[in-house]
Amino acid sequence: MKGVFFVAKGVVHEHDQNLNVREIIQEKKKTKSFNNYTEKFIPKILFGIAAISVFTTIGIVLTLLTETIAFFKDVPFIDFFTGTKLKPLGENAVFGVLPLLTGTLISTAIAMLVAIPVGLMTAVFLSEYASEKTRRLLKPILEILAGIPTIVYGFFAFTFVTPLLRSFIPGLEPTNILSPGIVMGIMIIPMVASLSEDAMSSVPNSMREGALALGATKLEVTWKVVIPAAISGIIASFVLGISRAIGETMIVTIASGSSKNFTFDVTQSMQTMTAYIVEVTGGEAAAGTTLYYSLYAVAMTLFVFTLIMNMVAQYISRKFREEY
Amino acid sequence: MSVVTDKSNASVKDTQNSAKEDTKKVVYETKDLNLWYGEGHALKNINLAINENEVTAIIGPSGCGKSTYIKTLNRMVELVPTVKISGEILYRGRNILEKSYQVEDLRTSVGMVFQKPNPFPKSIYDNIAYGPKIHGIRDKKILDEIVEKSLRGAAIWDDVKDRLNQNAYGLSGGQQQRVCIARALAIEPDVILMDEPTSALDPISTLKVEELVQELKKDYSIIIVTHNMQQAARISDKTAFFLNGEVIEFAETDKIFSNPSDKRTEDYITGRFG
Amino acid sequence: MSVVTDKSNASVKDTQNSAKEDTKKVVYETKDLNLWYGEGHALKNINLAINENEVTAIIGPSGCGKSTYIKTLNRMVELVPTVKISGEILYRGRNILEKSYQVEDLRTSVGMVFQKPNPFPKSIYDNIAYGPKIHGIRDKKILDEIVEKSLRGAAIWDDVKDRLNQNAYGLSGGQQQRVCIARALAIEPDVILMDEPTSALDPISTLKVEELVQELKKDYSIIIVTHNMQQAARISDKTAFFLNGEVIEFAETDKIFSNPSDKRTEDYITGRFG
Amino acid sequence: MKYVDSTQVQKKMGSRLMANNLAKTLFFLSTLFGLLVLVVLIYRVLKDGLPWIDIDFLMNRLSTDPERAGIWGAITGTLWLMVVVAPVTMLLGIGTAIYLEEYATKGRISSFIKTNISNLAGVPSVVFGILGLTVFARTLDLGSVVLAGGLTMALLVLPVVVVASQEAIRAVPQFLREASYGMGATKWQTIKNVVLPAALPGILTGVILALSRAIGETAPLVVIGIPALLIPIPDGIFDKFTILPVQIYYWTIDSALVAEYANLAAATIVILLLVLFVMNSIAILIRNKFQKRY
Amino acid sequence: AACGGGDNEGGNGEELEGSVVIDGSGTVYPFMARMAENYMGEQENVSVEVSRSGTSAGFKKFLAEDGTDYNDASRQIKDEEKAKAEELGIEVQEMKVALDGITIVINKDNDWATELTEQEVKDIFLASAGKKKWSDVRADFPNEEIKTYGPNENHGTYEFMFETILEEQDLPEDINLQQDYSTLVDLVSKDKNAIGFFGYGYYESNKDKLSAVKVDFGNGPVEPSLDTIKEDGDYAPFTRPVFTYLNVNNAKEKPQVLDYAIYTMNNAQDVAKETGFAPLSDEDVQASLDTLNGLKK
Ligand SMILES: Nc1ncnc2c1ncn2[C@@H]1O[C@H](COP(=O)(O)OP(=O)(O)OP(=O)(O)O)[C@@H](O)[C@H]1O
Ligand SMILES: Nc1ncnc2c1ncn2[C@@H]1O[C@H](COP(=O)(O)OP(=O)(O)OP(=O)(O)O)[C@@H](O)[C@H]1O
Ligand SMILES: [Mg+2]
Ligand SMILES: [Mg+2]
Ligand SMILES: O=P([O-])([O-])[O-]
């Protein structure tokens, strides 16, 4: 061993005289023009890649827009948005989007009726009441809930929640908007809870202390100080939740049937915009028909709705960040 | 170490005796108070008696436990989950460290003003009305009166009377701090705790708050933590000098600053450390 | 202010003249260098000439522009987007501030060691081989030799020879810093810039690095920023004193520490400020 | 002159404290509600599905006969889908993140791209399905094959990878970059040799999370048009395919016809949740293992 | 998708590869799905995919460039569909595969409408008859709203109802039309006042959830069953043949497509019985087989 080591050392020593790294590098430098090319082109390539996300948006807007325009050549704009009757198939097809809009809005409303109170209360518990240990235990569990695929929630709504609800709401149709609405709400709870909790946790402790020092109870601190201070973050979480509910597809597709009822009775089957898209693409979607174009008109409506919601949420939370 | 402890205890006893000679009533009496943050022993054998209608200053170098002590007096220190406390703190004769003592009651009688002004992100009016409201006062007229009285009491009424409905964060730091003091006054506390109330303020605002403290002592008992020895000398009646979680000396402010009995107090006051 | 500038310029000229009397060659010549971070004027009219195979120390109070200056010498300062520079820095006679000057070439000749040891989160071997590799040396044998030679050069070979494949973050701070020096040596630079290389190290590691610097000066020109005046006195041949972005005095280290020509230098050295 | 009557305050205190305790209980129960749903959901799924899971269920092809039906086709379909999604989304996601963090000057273009990405993250998945149907399946005439589905899915999960990679790259300390530049390295050499390796754990975590999102998505693929019965096992990216969630979908709606299909759906859910659980655990492991290295 | 090589021999027993794409009738779907599954048991390398967007929707996909190979249908091809095929140059071969009876289904708890006359059935599904409540149909029926269900306009079954049974008169406004038969089965099985219609197969495999109405065509109530839904059976008025349509161009190009057709006809009778259809007569099968064999080179 020792011998080998010495030999190695000897070699290094020998090379010490003739190993001139500086020279080698100078030598290599002459052939390095390739490097210059990479330096120049890599940023351009990366810019191109980054632009793909923009092209995706443009792609979405363009596909939706061209076919939507075609649709409005067949069906007047006003009729579409004020029509209470949707009968897309058959000889006398009628395209009124209101049944889908009410379906979407009602399911969203039900979902938010579940998600907002439960999500907010969960957020309050985690941010204001729970000990660090409890919080660290409960948060990951909520995250699991957020990671469950929507199809699983759909299955749950259809095979468990609907039968359960029917056992004490006699008038409830086998497919109805209530059950998927509730399940959608459950799905959104983690989102509302975690975003609201972030907002509340970022309220400085000094404000809590200020209130506690006046003899306020935790509830009073939460209700009158923390929530008002975090309100924009909390509202942003609600808006994102709404956007999520509007865009949710599989739960309503499975559990709310495909009746295009124009009604406000939550025990009835209703169709949402998303479920309509699934139904139409799953059935006939031969290009060129009004039915085919209606797909895009509905998708466009959906896209605009969620886009507005997302922009609103971004705007609110950006304002929120400037507050303190 | 133990020698040091003995010494300081001795001096504390001295001062307690002298305090008893006063005709004034004691509001807070701290007996053998020890406090740990987890393993860290932050307060060691504190014994102090604090009088009514006086300004008591607490001084000492950074980390000596001043904030911890003052936060123990309204049990705010319990917000830190790892805190352990032993000993007694008698407030108006009752041990506030007993489980059965409602912190909310305690804090209703003992107001607190913090180092950094911490108004709520609400209107000035709502800031002041917050305390009375949570304690059940709903009558708009009474609230109006309380707000005015408290703001006057905190010498800020003239600055803000025309913009009571504006957000308190629009005020300057000094004004914010006086709003916070007004907020504490609004529930008419018995004692006011102040943790370096002027350290975030400019000299002029500081002066105003100091004047205010002098004024307030007529109606309230005030315990004030300060880094600024001149301030302690200017405004307080008694001064406690803390070091490493212990009370080294507690006496009339005059005495502390002119003729401290402990060498360490002297060193600190003359700026030899801290 | 303008008076002050005149003075310092005068003294700089003095020292430059004396530097020219040396037989040593100048590696870096800074002429009327000015640098702004956005609106902040961080370097003002710097004129300095730095010799080959010497250790030049740069001292001065915090924020005076030491780091800024040394980072300008290898144009690292340009990583801050708001930087604006005027003047000239001649390295081996060529102005490195010209657009046409390839920063990569410059930095290949001018190594740098930073305040906080900053090895890559890779094996020790890969840390040292990084430089040669990016400059196109792929031959494993040559790399092996370079690694050994550089680690020996940085007086760390014996500490790490048995664990070349372990992550460099497993080493102590002092060892990490010497690995960083070895990393700089691996591409056989001409000049080595060191920005407070020992300020994050314990006294023993500091001593080792100081010895190393003395050793390295045989083969390299070294410019070292230090907060520690004793260190500057111990290891440097020349010393430049910076204040508020200006060079107040630049001379033989002995002279600076025994007989400074500027009052402010004297004040600083004797600890009257800074 | 006292406004605050301390006996009044005392009286009120009891009810205020009670309200606080009630609220606390309510908030706690709310938190438990989510937990409860999770337990019920998993219990139901296990109860219905577990007895049906055996090696045959995993390895058999699809069949109309519930006794013979298996999910091998859906499993391989899912794997093939990942073969497309993983590289595409990594290339696009990491590339975009590098551009935004390392090259883009903080100006209009980069903030436009950023806004665009966060909006893209909020576009309903079914709309991506329409994009995939129109562009990949029809205009590029790929049909409803793995490639079309994969590209659609890759765009859908792109924001997840971009945001995670951006965070990971931002977390690489500046001093490592400086060290590299100090050696005469070029920008790209620095990114390639120092920044990316250091950011890799964070990026990988993001990629795994994105893939697990893709594995669970149903709507876009239903829209692209996966047939209700597709028995052959796909063996390339130009084959038609089905994936686990789509299989769950068809079995769930067909459970009205054949009750056992509900069990098959539940069994498939168990497998899907298991896969997701494993993937998320790996992501958490990576995150924990490589946290705070410098 | 891949297509067969130069070997155009086709026929049973030979190793084939490639794909066969089938869409169309949801009624025929169970039959075709079973058939495809069996076929793939024998031809491991052929991929047969079966979808069920409905007869009419299926025809749209069938009659397109690069359209599907087969379209299942629960009604005959229409004239306009034939014209479209001609326009595209697609040669279409009709293959009758089985017989089906439109089955009128009601909820298990419905104990009043178990037997109805043909006219009563029609009235229930005719908008013009105005039968809103069960008591409108017969006075002794409950005074409750009738809930009508059926497949939507994508489906041949809907068109058979509309064109043949109701003679092109409108169905009720509020009829609940669904895309998926599974949804229909589910809805009717959970709604006491429901009455719906679809192919016999869906009734047969859900006998435990639904009841079938015995229809009186004039000679007493007839229960739909494999015996009665023959072309000359007692249930004949509601009986219809079901088909699959073959794209002959594709069959000529891809041996597996033609092979599948022959396989289908060879096994039609067995699979029909298994999946709730009345089998064809031997002559019908033979006629189809002859035609198909003629397509072979
Ligand atoms: N939340 C906490 N957890 C653990 N230790 C703490 C905590 N707060 C304070 N300490 C420790 O307790 C000791 C006393 O702290 P305290 O804040 O009371 O000092 P102080 O005298 O107010 O100092 P300063 O003048 O800096 O405000 C210090 O050693 C501090 O580190
Ligand atoms: N990235 C930057 N952006 C803006 N201003 C900067 C930046 N870096 C340094 N400065 C400013 O430039 C001046 C010189 O800073 P520099 O870091 O060179 O000082 P220094 O002498 O190295 O101090 P120290 O001894 O604390 O390291 C300081 O006023 C500093 O605030
Ligand atoms: Mg303090
Ligand atoms: Mg510096
Ligand atoms: O699905 P159909 O058979 O009714 O077309």
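Labels below follow one simple rule: chain letters A, B, ... track the order of the sequence lines, proteins then strands, and each chain is numbered from 1. In this text, all values refer to a predicted model and were calculated from it rather than measured experimentally.
When only modelled atom types and interatomic distance are considered, A:Y296 and D:T134 share a side-chain donor-acceptor pair under 3.5 Å.
In this structure, chain A has no heavy atom under 4.5 Å from any part of D:I191. For a residue to count as touching a neighbouring chain, one of its non-hydrogen atoms must lie under 4.5 Å from one of that chain's; by this rule A:T222 does not touch chain D. Only the side chain of D:I117 comes within contact range of chain A, with at least one heavy atom under 4.5 Å from a heavy atom of that chain. For a residue to count as touching a neighbouring chain, one of its non-hydrogen atoms must lie under 4.5 Å from one of that chain's; by this rule D:Y103 touches chain A with the side chain only. Using a 4.5 Å cut-off between heavy atoms, D:Y249 touches chain A through backbone and side chain atoms alike. Proximity to chain A is limited to the side chain of D:L272, based on heavy atoms less than 4.5 angstrom apart. Neither the backbone nor the side chain of D:T268 comes within contact range of chain A, judged by heavy atoms closer than 4.5 Å. Of the atoms belonging to A:E220, it is side-chain heavy atoms, and not backbone ones, that fall under 4.5 Å from chain D. Only the side chain of A:S243 comes within contact range of chain D, with heavy atoms under 4.5 Å apart. The parts of A:S53 that come within reach of chain D are both its backbone and its side chain, each placing non-hydrogen atoms under 4.5 angstrom from that chain. For A:L64, the part sitting under 4.5 Å from any heavy atom of chain D is the side chain, from C-beta outward, and nothing else. Residue contact with chain A, scored on non-hydrogen atoms closer than 4.5 Å, involves the backbone and the side chain of D:L38 alike. With a threshold of 4.5 angstrom between heavy atoms, A:T274 approaches chain D through its backbone and through its side chain. Only the side chain of A:F158 comes within less than 4.5 Å of a heavy atom in chain D; its backbone stays farther off. Both the backbone and the side chain of A:T57 come within contact range of chain D, judged by heavy atoms closer than 4.5 Å. Looking at D:F128, the atoms closer than 4.5 Å to chain A (heavy atoms on both sides) all sit in the side chain, from C-beta outward. A:I60 touches chain D through backbone and side chain together, each having a heavy atom under 4.5 Å away. Contact annotation for D:R16: both backbone and side-chain heavy atoms come within less than 4.5 Å of a heavy atom of chain A. Contact annotation for A:I52: only side-chain heavy atoms (C-beta onward) come within less than 4.5 Å of a heavy atom of chain D. Both the backbone and the side chain of A:F47 come within less than 4.5 Å of a heavy atom in chain D. In this structure, chain A has a heavy atom under 4.5 Å from the side chain of D:L273, while its backbone stays farther away. At a 4.5 Å heavy-atom cutoff, D:A97 makes no contact with chain A through either its backbone or its side chain.
Applying the side chain to side chain contact (heavy atoms under 4.5 Å, CB included) test between A:Y153 and each of A:V161, A:L145, A:I254 identifies A:L145 as the sole match.
Heavy atoms of other residues, nucleotides or ligands lying less than 6.0 angstrom from CE of D:M90 number 12 at most. The number of heavy atoms from other shown groups lying within 6.0 Å of CG (D:L26) is above 12. Within a 6.0 Å sphere centred on NZ of D:K187, heavy atoms belonging to other residues, nucleotides or ligands number more than 12. Sparse packing is recorded around CZ of D:F28, with 12 or fewer heavy atoms of other residues, nucleotides or ligands lying under 6.0 Å away.
Chosen from D:N119, D:V127, D:I248, the residue pairing most often with chain A at heavy-atom distances under 4.5 Å is D:N119. When each of D:L120, D:I253, D:I113 is checked for heavy-atom pairs under 4.5 Å with chain A, D:L120 comes out on top. Options D:S118, D:G225, D:S255, D:G93 differ in how many heavy-atom pairs under 4.5 Å they form with chain A, and the most are formed by D:S118. In terms of heavy-atom pairs under 4.5 Å with chain D, the best-connected choice from A:P149, A:A216, A:A299, A:A313 is A:P149. With respect to chain A, the highest number of heavy-atom pairs below 4.5 Å among D:P124, D:G129, D:A19 belongs to D:P124. Among D:S212, D:S110, D:G122, D:A23, the residue making the largest number of heavy-atom pairs under 4.5 Å with chain A is D:G122. For the set D:L41, D:V246, D:L131, the count of heavy-atom pairs under 4.5 angstrom toward chain A peaks at D:L41.
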Query raised in the report: Hey, mind stepping through A:Y276 and A:S294 against side-chain hydrogen bond (donor to acceptor under 3.5 Å, both in side chains) and telling me if it holds?
Result: CA-CA 10 Å; A:Y276 178 79; A:S294 76; 2.7 Å; yes

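The backbone N or O of A:T272 sits nowhere less than 3.5 Å from a side-chain atom of A:T104 that would complete a donor-acceptor pair. Judged by distance alone, the side chain of A:E39 and the main-chain N or O of D:W188 form a donor-acceptor pair under 3.5 Å. The backbone N or O of D:N263 lies less than 3.5 Å from no partner atom in the side chain of D:D48, so there is not a single donor-acceptor pair.
A side chain to side chain donor-acceptor pair (under 3.5 Å) check over residues 213-226 of chain D, counting only residues at least two apart or in different chains, returns the pairs D:S125-D:E217, D:R213-D:E217.
Between the OG1 atom of A:T159 and the CZ atom of D:R44 there is a distance of 5.5 Å, given to the nearest 0.5 Å. Put simply, CG on D:L133 and OG1 on D:T139 are 9.0 Å apart, with the number rounded to the nearest 0.5 Å.
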